[in-house]
Each structure stands twice: as C-alpha cells, then as structure tokens.
Amino acid sequence: MISFSVAFDPNKGIGKDGKLPWHIKEELQVFKGNTLHKNILMGQTTYDNMPGKLKDRHTIVVSIDPNYKVDNQDAEVINDLIGFLEKHKDDETEYVICGGASIYRQAYPYAKKAYISFIKKEYEVDTYFDAYKADDWNITKEVDHEEFVERELVR
C-alpha cells in the first residue's frame, strides 16, 4: 500500500530552501510514530537535506542520477518512481511517501492512506503540496494539538 506523511501550513506550504520551515517537536514525534519500522520513500533532495538519517526505517531514495549512492545500510536507491509505485500499489506492505513536492505530486494518485499534520500558523515557504485535495479523503483519526491538527485519512 502506498501512503504519505506530510505536514503543511494553511497555504499547503511544506518547505523553504529544501528544509521544513518550522520546528515543532511534537509534530516530529507524530511523524516518527507514523513511519517507525516502515518503508519510507523520498526524493534525493529531501534525503540529502535531512539533518540526520532516520533510524529504524527502511529508506528508499528516488534519484534520476543513475550513479547516485547512499552511505546508509538501511537505504536503497531507485531510479523509476512510477514503476515502483505501479509494482507496489496493492502490496500489504506499507510504503510511506515523505517528500519532496515532486515525489508527493507523482505518488498522490497511488496513495490509499495519508498521515497529515495541518500546521495552524502560516510560514514563509517556497514549496507546496499542491496535489492535496480534501475531497479525495475520509478522516479516520483526528487529534488537535496546540500548533497543528493531526489527521489520518483513507480513500
């Protein structure tokens, strides 16, 4: 199954200069809980801009560079995102898409589940999750936190 985990502000902003525009510790814990011991998939830029590699997750990095390598033994590189999504869209195993914007956009039609943190405050951003449409989803869980609303959704 393909799912995604994302946090965005009221304007669907997800990033600034390749990084999260906010640092909300509680939201990072929610992300950790949604991805721990799962397969996570992200683009090369997102992977390269992470301050530290994510432990206890199998990371799949999408790169258009056939020579791109990762130095993390819990990670692998793929070069064909759509081929991967087509191959795994009906798997029982969950693959959680974790960014960036282009990867979200391409994977969105394949996702059957979503973990979204709706950040309450607006931030200065240069990257958006413009593919998301609320009407595509049914809410299965909602938790109101001080700085964000956590939702799990399904199609």
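Source: prediction; values computed, not measured. Just the heavy atoms: all of them, side chains too, but no hydrogens, waters or symmetry mates, feed the values below. All residue numbers refer to positions in the sequence shown, counting from 1.
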- prompt: Do we get Arg151 above Tyr115's six-membered ring, with its NZ or CZ under 6.0 Å from the centre and within 45° of the axis?
  reply: no
message: If we ignore hydrogens and angles and just use 3.5 Å, is the side chain of Thr140 paired with the main-chain N or O of Glu152 as donor and acceptor?
response: yes
message: Please find the pair of heavy atoms, one from Asp9 and one from Gly13, that lie closest to each other, and give the distance.
response: OD1-N, 2.8 Å
- prompt: Taking the hydrophobic residues Ile, Leu, Val, Met, Phe, Trp and Tyr, and joining any pair whose side-chain heavy atoms are under 4.5 Å apart, which ones share a cluster with Val30?
  reply: Leu20, Trp22, Ile24, Leu28, Ile119, Tyr123, Val125, Tyr128, Phe148
task: Check for a donor-acceptor pair, side chain of Lys12 on one end and backbone N or O of Tyr132 on the other, with a separation under 3.5 Å.
output: yes
- prompt: Do Trp137 and Val143 belong to the same hydrophobic cluster, where Ile, Leu, Val, Met, Phe, Trp and Tyr are linked whenever their side-chain heavy atoms lie under 4.5 Å apart, directly or via other members?
  reply: no
- request: Evaluate the side-chain proximity of Thr35 to Leu54: yes if any heavy-atom separation is below 4.5 Å, no if none is.
  value: no
task: Please list all pairs passing the salt bridge (Lys or Arg N to Asp or Glu O under 4.0 Å) test where one or both residues lie in residues 14-36, with sequence neighbours left out.
output: Lys16-Glu124
query: In terms of hydrophobic clustering (I, L, V, M, F, W, Y; side-chain heavy atoms under 4.5 Å; direct or indirect links), are Ile116 and Val154 co-clustered?
result: no
task: Could you go through the side chain to side chain contact (heavy atoms under 4.5 Å, CB included) check for Phe31 and Cys98 one step at a time?
output: CA-CA 10 Å; Phe31 172 80; Cys98 298; 3.8 Å; yes
query: Which residues, ordered by chain and number, are linked to Leu36 in its hydrophobic cluster, where ILVMFWY side chains connect at heavy-atom gaps below 4.5 Å, directly or through other members?
result: none
message: Test of understanding: with salt bridge (Lys or Arg N to Asp or Glu O under 4.0 Å), list the residues that count as partners of Arg57, not counting sequence neighbours.
response: none
statement: Applying side-chain contact (heavy atoms from CB on, under 4.5 Å) to Thr59 and not counting sequence neighbours gives Ile40, Met42, Tyr47, Val61, Ala75
task: Name all residues meeting the salt bridge (Lys or Arg N to Asp or Glu O under 4.0 Å) criterion together with Glu150; count only those two or more places apart in sequence or in a different chain, and write none if there are none.
output: Lys141
task: Please report the shortest heavy-atom distance between Pro21 and Ile14, naming the atom on each side.
output: CD-O, 3.6 Å
task: Apply salt bridge (Lys or Arg N to Asp or Glu O under 4.0 Å) to Glu147 and list each qualifying residue two or more places apart in sequence or on a separate chain.
output: none
- request: Answer yes if Ile139 and Phe8 sit in the same cluster of Ile, Leu, Val, Met, Phe, Trp and Tyr residues linked by side chain heavy atoms under 4.5 Å apart, and no otherwise.
  value: yes
- prompt: Between Arg105 and Asp130, does at least one N-O distance fall below 4.0 Å, as a salt bridge requires?
  reply: yes
Salt bridge (Lys or Arg N to Asp or Glu O under 4.0 Å) against Asp144, all qualifying residues, sequence neighbours excluded: Lys120
task: Return the minimal non-hydrogen interatomic distance between Ser3 and Ala111, and the atom names on each side.
output: CA-CB, 4.4 Å
- request: Answer yes if Leu41 and Met1 sit in the same cluster of Ile, Leu, Val, Met, Phe, Trp and Tyr residues linked by side chain heavy atoms under 4.5 Å apart, and no otherwise.
  value: no
query: With Asp126, which residues qualify under side chain to side chain donor-acceptor pair (under 3.5 Å), at least two apart?
result: none
task: Could I get the full list of side-chain contact (heavy atoms from CB on, under 4.5 Å) partners for His58, not counting sequence neighbours?
output: Asn39, Ile60, Glu76
field: Side chains of Asn11 and Glu122 in contact at under 4.5 Å (non-hydrogen atoms)
entry: yes
query: Among the clusters formed by ILVMFWY side chains lying less than 4.5 Å apart, do Val77 and Ile103 turn up in the same one?
result: no
Show every donor-acceptor pair shorter than 3.5 Å between a side-chain atom in residues 78-91 and any protein atom, with sequence neighbours excluded, or say none if there are none.
unit_1 : atom_1 : unit_2 : atom_2 : d
Asn79  : ND2    : Ser63  : O      : 2.7
Asn79  : ND2    : Asp65  : O      : 3.4
Asp80  : OD1    : Gly83  : N      : 2.9
Glu86  : OE1    : Lys89  : NZ     : 3.1
Glu86  : OE2    : Tyr110 : OH     : 2.8
His88  : ND1    : Asp91  : OD2    : 2.6
His88  : ND1    : Tyr95  : OH     : 3.4
Asp90  : OD1    : Lys112 : NZ     : 3.0

- line: Applying side-chain contact (heavy atoms from CB on, under 4.5 Å) to Asp136 and not counting sequence neighbours gives Tyr108, Lys133, Arg155
task: Fit a plane to each ring of Phe129 and Tyr104, take the angle between them on a 0 to 90° scale, and name the class: parallel (under 30°), tilted (30 to 60°) or perpendicular (over 60°).
output: tilted
